[in-house]
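So the structure is just underneath, and the comments pick up after that.
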Amino acid sequence: MTIENILKKHLIDVIDELYGQKPDKAQISFQKTRKEFEGDLTLVVFPFLKLSRKNPQSTAEEIGASLIQKLALISDYNVIKGFLNLSISNDFWFGFLRDNAFSKDFAYKTVEEGKPILIEFSSPNTNKPLHLGHIRNNLLGDSVSRILEAAGNQVVKLNLVNDRGIHICKSMLAWLRWGDGETPKSSGMKGDHLIGKYYVLFDQHYKEEIAGLVQDGRSEEEAKNEAPLMLEAREMLRKWEQGDEEVRELWSKLNSWTYAGFDETYTRMGVSFHLTQYESQTYLHGKSIVQQGLEKGILFRKEDGSVWADLSKEGLDEKLLLRSDGTSVYMTQDLGTAAERYAKYQPEKMIYVVGNEQNYHFDVLRIVLAKLGYSWASCINHLSYGMVELPDGKMKSREGNVVDADDLMNEMYKTARQKGEELGKVKDSNSNEAKELYQKVSMAALKYFMLKVDPKKKMLFIPEESIDFNGNTGPFIQYTYARIQSLVQKSGIKPDSSAINDKYGILPKEKEIIKLIYTFPEVLDSAAAALSPALIANYAYELAKGFNQFYQEVPVLKEEDVDIRHFRLVLAAFTAETIRSAMALLGIEMPERM
RNA sequence: GGUCGCGUAGCUCAGGGGAUAGAGCAACGGCCUUCUAAGCCGUCGGUCGAAGGUUCGAAUCCUUCCGCGAUCACCA
């Protein structure tokens, strides 16, 4: 039970005794006391003035006096204007340290048996490598999974790969035509990059054809549809759908190259899945659901045979669910896979990590499912995130201004190495130890940068400036952690609970740290509720920053008194452990030295 | 045009009913024979897009307007 809750309970009694009326629970608001005032927690008394019929000052005085009498937990109070600042007793803080300082991941809950949470993320196309946008998606999905699990949920991570469609046919066609049998092995290229190369090649030739046709007097639209390359790609897709053996074989081969490339990237990012699904196996799902809806009269059929949902009552328009030729669209598939997943897992929640350009799609998905009578429709959660933009605008694959995921990670690694060498962090930059450090530091910089921003906001990525190693960054937090490790090691003392006693009181700087650590479980809970790693990231920074200031002002190893030194080492070690736990929720690993 | 989202320091972002709005970067000035300077301290920098409203109290909630973005396909 948190201090706030204990106080709340007693506050209700106190106010009842004083003024003969119980306050509304919603009116009780505690906040952390500002640094410039004495105290730990502050009660805002304005809401109780109607009950007390006194001015803010005396109301606060009365409540404070009653609380301190009732609760040993409160050691002192003071009143400033309508704010009642309460000091929590040292006993409480020592008790908190004793109970938690030596339990690893103290804020983490054990995973409950019960309804799982499904989370789908990444979901790439197989015709080109992963880029910056995917990085945000993957890191968000990965981090949210970790956070939900730490908050006590069973989490199932899903990846639904879009492995079929016209885009893959384009790559396949280009490879047949201009590839000359090139393979990842023969070219030395990563499989996904190789396939991406042919996708671009297709587009180049396709554009030439369009230009030629336009010159011959066709309209742009006609040219796009009549270009021989496009006709050929469509023909290939038709063959694929009919199960043409040759096409299917080629398709399998090229996709397998892409998967090998993706796996490498995922591994480097530290991202993994429990289950990978493929649209080639799911794209026919959902038709029967639509059929049932049609029979029940919930959906309707137009003269041309296409099937629609009328969402005008919900303030939206009509939505197509089956084409006039009876084939399914994106929405149909999603209805099908959602129903299938629900049947398999009976999850508490189904989270889709998908960019905000699909907000409308998920609104429709929820509404259509609800209309069709699925009570679980409300468990669908769209974790919508903003686009990653570049200084010169949006990323457009066709225009070539795409930040490739692998390239970016390589760049980050180089920068980390360069910085490390400048600062003389390691003796031999080619040693395995150094390589591991540069890898951890560069990934921390990247991950922290992407995750510290509120998911729903779009973010600007400036290649030269965005990823920093100083200030509010992953490496700064790693650095703080590494310093604490070295501090503890140098002391030669193994921190243990015998050091925690109230012989010496607690310094204000020490208390700041303890209070910060104390709030970690709450931060974790709210991050899980809001599906927002940004809360964790900003918390980790605050804690690291707090320790750095503490470290600057409070001697640890230089302290004369062995017992005090021992206590501060315990506090330092607990801080490090909390920082590590928080960063683990972002998928960021901590180096022991840097 | 309809719907949704966003607008906070020069830049990138926190804060989402409470006290004097915070960090980092950039700029400037200090601190390395003292626990790791990827650090710490200080200075500079704000009509929280605008106007109304609700409230004891609004950057935060409501309304309108302005600006930016997304979306409204028999694409996925």
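Below, chain A is the first sequence line, B the second, and so on; all start at residue 1. In what follows, every heavy atom counts, from backbone to side chain, and hydrogens, waters and symmetry copies are set aside.
- Nucleotide B:U20: unpaired (no Watson-Crick or G-U wobble partner with both distances less than 3.5 Å).
- Taking every side-chain heavy atom of A:Tyr541 into account, B:G24 is the closest of B:G24, B:U36, B:A19.
- Among the protein residues, A:Pro47 comes within range of the nucleic acid bases, having at least one heavy atom under 4.0 Å from a base atom.
- Base pairing analysis places B:G1 opposite B:C72; the two distances defining the Watson-Crick or G-U wobble pair are each below 3.5 Å.
- Using the Watson-Crick or G-U wobble rule with both distances under 3.5 Å, B:C65 pairs with B:G49.
- Using a 4.0 Å heavy-atom criterion, one finds that A:Ala482 contacts the bases of the nucleic acid, with or without backbone contacts as well.
- A:Lys456 has its NZ atom 15 Å from the C1' atom of B:A70, to the nearest Å.
- With hydrogens and angles disregarded, a donor-acceptor distance shorter than 3.5 Å links the side chain of A:Asn137 to the backbone of A:Val353.
- Atoms CG (A:Asn548) and P (B:C40) sit 5 Å apart, rounded to a whole Å.
- Phosphate contact (OP1/OP2 of B:A37, side-chain N/O of A:Arg483, threshold under 4.0 Å): present.
- Among the heavy atoms of the strands lying under 4.0 Å from A:Lys457 is at least one base atom, whether or not backbone atoms are also near.
- Among the nucleotides B:U71, B:G39, B:U20, the one closest to the side chain of A:Glu36 is B:U20.
- Computed from coordinates, the A:Gln549 CD to B:G39 C1' distance equals 11 Å when rounded to whole Å.
- Look at CG on A:Leu460: it is 15 Å from P on B:G7, rounded to the nearest Å.
- Rounded to an integer number of Å, the gap from OH of A:Tyr360 to P of B:A76 is 16 Å.
- Rounded to whole Å, the separation between the P atoms of B:G16 and B:U34 comes to 42 Å.
- Phosphate contact (OP1/OP2 of B:A21, side-chain N/O of A:Arg34, threshold under 4.0 Å): absent.
- Contacts of A:Phe476 with the nucleic acid, taken as non-hydrogen atoms under 4.0 Å apart, involve only primed sugar atoms and P, OP1 or OP2.
- Between A:Phe461 and A:Phe449, the gap from one ring centroid to the other is short of 6.0 Å.
- One P atom belongs to B:A27, the other to B:G22, and the distance between them is 24 Å to the nearest Å.
- Between A:Phe83 and A:Phe46, the ring-plane angle classifies as perpendicular under the 30° and 60° cut-offs.
- Closest to the side chain of A:Val556, out of B:C13, B:C35, B:A38, is B:C35.
- Among the protein residues, A:Asn85 comes within range of the nucleic acid bases, having at least one heavy atom under 4.0 Å from a base atom.
- Across all strands shown, B:A14 forms no Watson-Crick or G-U wobble pair with both distances under 3.5 Å.
- Within the nucleic acid shown, A:Ser384 has no heavy atom closer than 4.0 Å to any nucleic acid atom.
- In this structure, the OH atom of A:Tyr385 is 16 Å from the C1' atom of B:G69, given to the nearest Å.
- For B:C32, the base is syn relative to its sugar; the glycosidic angle is within 90° of 0.
- Pair assignment for B:U36 gives none, since no Watson-Crick or G-U wobble pairing has each distance under 3.5 Å.
- A cation-pi arrangement is absent between A:Arg136 and A:Tyr385 under the rule of less than 6.0 angstrom and at most 45 degrees off the ring axis.
- Judged by distance alone, with hydrogens and angles left aside, the side-chain atoms of A:Tyr539 form a donor-acceptor pair with the main-chain N or O of A:Leu516 at under 3.5 Å.
- At a threshold of 4.0 angstrom between heavy atoms, the contacts of A:Phe37 include nucleobase atoms, whether or not backbone atoms are also involved.
- Using a cutoff of 4.0 Å between basic side-chain nitrogens and carboxylate oxygens, A:Glu235 and A:Arg238 are scored as salt-bridged.
- Taking the 5.5 Å centre cut-off and the 30° plane limit, the aromatic side chain of A:Phe46 is classed as stacked on B:G18.
- Put simply, the side chain of A:Thr473 and the base of B:A38 share no donor and acceptor less than 3.5 Å apart.
- Comparing the P positions of B:U63 and B:G17 gives an interatomic distance of 16 Å, to the nearest angstrom.
- Within the nucleic acid shown, A:Asp454 comes within 4.0 Å of sugar-phosphate atoms alone, with no base atom in reach, counting heavy atoms only.
- When heavy atoms are screened at a 4.0 angstrom cut-off, A:Lys545 is found touching the sugar-phosphate backbone but no base atom.
- None of A:Asp310, A:Ile367, A:Val368 except one satisfies the side chain to side chain contact (heavy atoms under 4.5 Å, CB included) rule with A:Leu316; the exception is A:Ile367.
- Between the P atoms of B:C6 and B:U47, the separation comes to 22 Å (whole Å).
- Here the separation of B:G1 from B:C44, taken at their C1' atoms, is 47 Å to the nearest Å.
- As judged by a 4.0 angstrom heavy-atom cut-off over every strand, A:Gln358 is placed among the base-contacting residues.
- Here A:Val44 lies in heavy-atom contact (under 4.0 Å) with a base.
- The C1' atoms of B:G46 and B:C32 are separated by 35 Å, rounded to the nearest whole Å.
- For A:Tyr479, taking side-chain heavy atoms from C-beta onward, the closest of the listed nucleotides B:C4, B:A19, B:A37 is B:A37.
- At a threshold of 4.0 angstrom between heavy atoms, the contacts of A:Val453 are confined to the sugar-phosphate backbone, with no base atom among them.
- With RNA chain B read from its 5' end, the first of the two nearest nucleotides for A:Asn538 and A:Gly305 is the one closest to A:Asn538.
- Across B:U54 and B:A59, the matching P atoms stand 16 Å from one another, rounded to whole Å.
- In the set B:C35, B:G15, B:G18, the nucleotide with an atom closest to the side chain of A:Ser29 is B:G18.
- B:C35 atom P lies 15 Å from atom CD of A:Glu560, rounded to whole Å.
- A:Met594 comes within contact range of at least one nucleobase, with a heavy-atom separation under 4.0 Å.
- Spacing between B:A19 and B:C61 at atom P, rounded to whole Å, works out to 15 Å.
- For A:Ser429 and A:Tyr438, the side-chain atoms include at least one donor-acceptor pair closer than 3.5 Å.
- Using a 4.0 Å cut-off between charged nitrogen and carboxylate oxygen, A:Lys440 and A:Glu436 count as a salt-bridge pair.
- Using the Watson-Crick or G-U wobble rule with both distances under 3.5 Å, B:C44 pairs with nothing in any strand shown.
- Looking at the side chain of A:Ser486, the nearest of the listed nucleotides B:A23, B:A76, B:U36 is B:U36.
- Across all strands shown, A:Leu423 has heavy atoms under 4.0 Å from base atoms, whether or not it also approaches the sugar-phosphate.
- Residue A:Ile462 places its side chain closer to B:U12 than to any other of B:U12, B:U36, B:C40.
- With rounding to whole Å, A:Lys50 atom NZ is found 6 Å from B:C56 atom P.
- For A:Phe202 and A:Tyr199, the ring centers are positioned 6.0 Å apart or more.
- The partner of B:U55, taking Watson-Crick or G-U wobble pairs whose two distances both stay under 3.5 Å, does not exist in any strand shown.
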